[in-house]
> 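Next up is a structure, given as C-alpha cells.
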Amino acid sequence: MEYQLSAELTAPEDGPDLDPLQQVGVVALLDTRLSRLAGIEGPDGVEITPVEHAVHAHLGGANVSWLLDAPALVFAEDATRAVLEQLLEETELLRGWQVKHCAVTATDDQLESALAASVEPDDDAVIEIDPADQLELTERRQRLLDASEYLRAFGLDAFGFTEGGDVTEHEARYVAGAMMHGVEMVTDELFGDIQLLEDEDGTAVDVEALWVMDELPQQYADQYTALFAKQLLVTTAILGYRLTQEEWTAPLCLAEALVLHVVKSRAELELDLADAMPEERAAEIFGHFDDHAFADGAHEELYDVSDLDAFDTDVITWFRPDPRYNDTAGLHPYLTDED
C-alpha cells in the first residue's frame, strides 16, 4: 500500500529566518540525502520502499512530502520520523533542526477520491489555508514588488504588460522583483562555488555539488576553475549594476548572457516560493523578457551537447566583449585573457 506522508522540519527557534540562498541549500541537502535512500527498515524488520519525494523550504524550515510503499500506515509514519530524525542528526549543517510533524496525509483510496473530486469539483467546497502560511506568502510577494523598483533597465512592457493587455502590472512587477532577487542569489552562490573550488584546488568535475557551476553547460565543466568562478562573479556584479540603470544593452559578452540565464532560473524559484503565479504563466512572461533582454540565443546553443566541435571551446572567450558593441572594448580588467 502506498502512503503519502507530510513532514515539517523546523530550524532552531533562536536562529534567524532562512534567507533565499539558505532555503535553496536546505532543499539541496535534504533532496540529496533522501534520493540516496533505496529502502527503509521499519519496526520488526519491515521493508518500506521510498517511491518519490518533494522538498520545499521556507523562512522557518522545510516541508517534506514523501510517497512510501509500506505494509501498514503505522509502519510508514514511525519509520519516516525515525529516518528524518537520523538524517538531521547526521547532517552537520542541519544540527539543531527538529521533526515537528510527521503524518500520513493521504492513502491510495484518498488520492483516488481526490482525483475524482478534481474532475467533478464541488462548488460548495472550501479550501482552508493556514493563516501563517498566507502571511508568509503575502510578505514574500510584497518583497518582490518592492524589489521590482530597483530594476530600471526595463519597463514593465518587457515583461508583457500593456494597458488592457493579458499580463497584469502586478504580474510584471512580481517577475521584475524576482529577477533582482535572482541576482542576489547568484552572487551569494558564486561565493560558495569559489570557496569549494579553491578548497578542492580543481575544476567543477572534481566537486560533487556546486551552485552556479552546475547550471552552466556541463561539457565545459573541466574548465570551470576557481578563477573562472571569480570572473563570473565579476560579470554578475556588472550585470546587477546594469539592471539598475535606466537603459539596457543586450548582454555585453557570452558570460553575461549565461549569468542572466541562471538569474532567470533563480527568479523562477522565487516566484514559486511566493506562489505568485502558475509556472506556465511565469514561463509566458519570461518569454516576453527574453525577446527584450537577449540579442540572440547564442548562450542557449552552448547547452547543445550534440555539437562536438563546441567541446574544444575555451571558456575564457566567453568574457570577451561582444564585437557588436563599440563601447565594450574592456568590460573589466579582471575579465581579460591571460597568457
Side-chain angles (χ1 to χ4, degrees), residues 20 23-24 54 56-58 114-115 117-130 133-186 215 239-252 256-301 303-304:
Q23 292 178 33
V24 173
H56 299 282
H58 51 80
L115 180 60
S118 68
V119 175
E120 299 180 3
D122 182 358
D123 294 337
D124 297 327
V126 176
I127 300 175
E128 295 184 2
I129 301 177
D130 189 324
D133 292 339
Q134 186 59 58
L135 177 60
E136 180 183 338
L137 290 177
T138 300
E139 292 175 346
R140 281 185 174 278
R141 292 169 186 169
Q142 186 58 50
R143 286 198 293 270
L144 294 182
L145 294 177
D146 293 342
S148 70
E149 300 295 334
Y150 293 97
L151 196 154
R152 302 186 181 92
F154 299 95
L156 294 183
D157 62 307
F159 300 97
F161 169 71
T162 56
E163 291 294 339
D166 183 45
V167 178
T168 68
E169 179 179 354
H170 261 61
E171 287 176 326
R173 290 182 60 195
Y174 280 143
V175 177
M179 289 292 296
M180 297 310 293
H181 277 285
V183 172
E184 293 183 33
M185 294 174 68
V186 170
E215 294 202 26
L239 173 66
Y241 172 77
R242 296 209 309 116
L243 289 175
T244 65
Q245 303 307 295
E246 294 185 353
E247 61 180 33
W248 174 254
T249 301
L252 303 178
E256 190 173 273
L258 286 169
V259 170
L260 189 57
H261 177 79
V262 178
V263 165
K264 280 178 48 188
S265 73
R266 299 300 181 269
E268 291 169 353
L269 174 62
E270 282 292 299
L271 292 170
D272 181 59
L273 291 173
D275 197 18
M277 65 187 69
E279 183 178 342
E280 297 78 10
R281 183 62 160 175
E284 176 187 341
I285 296 176
F286 277 118
H288 291 295
F289 176 76
D290 288 350
D291 292 339
H292 285 75
F294 296 98
D296 52 37
H299 66 286
E300 295 179 346
E301 295 175 2
Y303 289 90
D304 182 7

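All residue numbers refer to positions in the sequence shown, counting from 1.
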> Taking only residues two or more places apart in sequence or in another chain, which ones pass salt bridge (Lys or Arg N to Asp or Glu O under 4.0 Å) with Arg281?
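Applying salt bridge (Lys or Arg N to Asp or Glu O under 4.0 Å) to Arg281 gives Asp166, Glu171, Glu284.
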> What pairs with Glu215 under salt bridge (Lys or Arg N to Asp or Glu O under 4.0 Å), at least two apart in sequence or on another chain?
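In terms of salt bridge (Lys or Arg N to Asp or Glu O under 4.0 Å), with neighbours along the sequence ignored, Glu215 is linked to Arg266.
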> Show me the donor-acceptor pairs, under 3.5 Å and distance only, between side chains in residues 172-183 and residues at least two apart or in other chains.
{"residue": "Arg173", "atom": "NE", "partner": "Ser148", "partner atom": "OG", "Å": "3.3"}
{"residue": "Arg173", "atom": "NH2", "partner": "Leu145", "partner atom": "O", "Å": "3.1"}
{"residue": "Arg173", "atom": "NH2", "partner": "Glu149", "partner atom": "OE2", "Å": "3.2"}

> Any side-chain heavy atom of Arg140 within less than 4.5 Å of one from Leu144?
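Contact flag for Arg140/Leu144 side chains = no.
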> Applying salt bridge (Lys or Arg N to Asp or Glu O under 4.0 Å), can you list everything that pairs with Arg143, at least two apart in sequence or on another chain?
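Salt bridge (Lys or Arg N to Asp or Glu O under 4.0 Å) check on Arg143 returns nothing, list empty.
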> side-chain hydrogen bond (donor to acceptor under 3.5 Å, both in side chains) with Asp290: which residues, sequence neighbours excluded?
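Partners of Asp290 by the side-chain hydrogen bond (donor to acceptor under 3.5 Å, both in side chains) criterion, ordered by chain and then number, come out as Lys264.
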> Only distances under 3.5 Å count here; give the side-chain donor-acceptor pairs of residues 268-280 to other protein atoms, sequence neighbours excluded, each with its distance to 0.1 Å.
none

> List the atom of Leu156, the atom of Glu169, and the distance in Å for their closest heavy-atom pair.
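It is CD1-CG, 3.6 Å.
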> Could I get the full list of side chain to side chain contact (heavy atoms under 4.5 Å, CB included) partners for Asp296, not counting sequence neighbours?
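Testing Asp296 for side chain to side chain contact (heavy atoms under 4.5 Å, CB included), a comparison that skips the adjacent residues, returns Ala298, Arg324.
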> Applying side chain to side chain contact (heavy atoms under 4.5 Å, CB included), name anything that partners Ala293, two or more places apart in sequence or on another chain.
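Listed in chain order: Phe154, Trp248, Leu260, Phe289.
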> Tell me, yes or no, whether the heavy-atom count around His170 atom NE2, taken from other residues, nucleotides or ligands under 6.0 Å, exceeds 12.
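Counting other residues, nucleotides and ligands, NE2 of His170 stays at 12 neighbours or fewer.
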> Holding to side chain to side chain contact (heavy atoms under 4.5 Å, CB included), I want the full list of residues that pass it with Gln245, two or more places apart in sequence or in another chain.
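By the side chain to side chain contact (heavy atoms under 4.5 Å, CB included) rule, Gln245 matches Tyr241.
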> Could I get the full list of salt bridge (Lys or Arg N to Asp or Glu O under 4.0 Å) partners for Asp146, not counting sequence neighbours?
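Asp146 satisfies salt bridge (Lys or Arg N to Asp or Glu O under 4.0 Å) with no residue once adjacent residues are dropped.
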> Applying ring pair (Phe, Tyr, Trp, His ring centres under 6.0 Å) as the test, list every pair that has at least one member in residues 263-286; sequence neighbours left out.
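Those involving residues 263-286 do not exist here.
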> Holding to side chain to side chain contact (heavy atoms under 4.5 Å, CB included), I want the full list of residues that pass it with His299, two or more places apart in sequence or in another chain.
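Scan of His299 (side chain to side chain contact (heavy atoms under 4.5 Å, CB included), adjacent residues dropped) gives Leu254, Ala257, Leu258, His261, Phe294.
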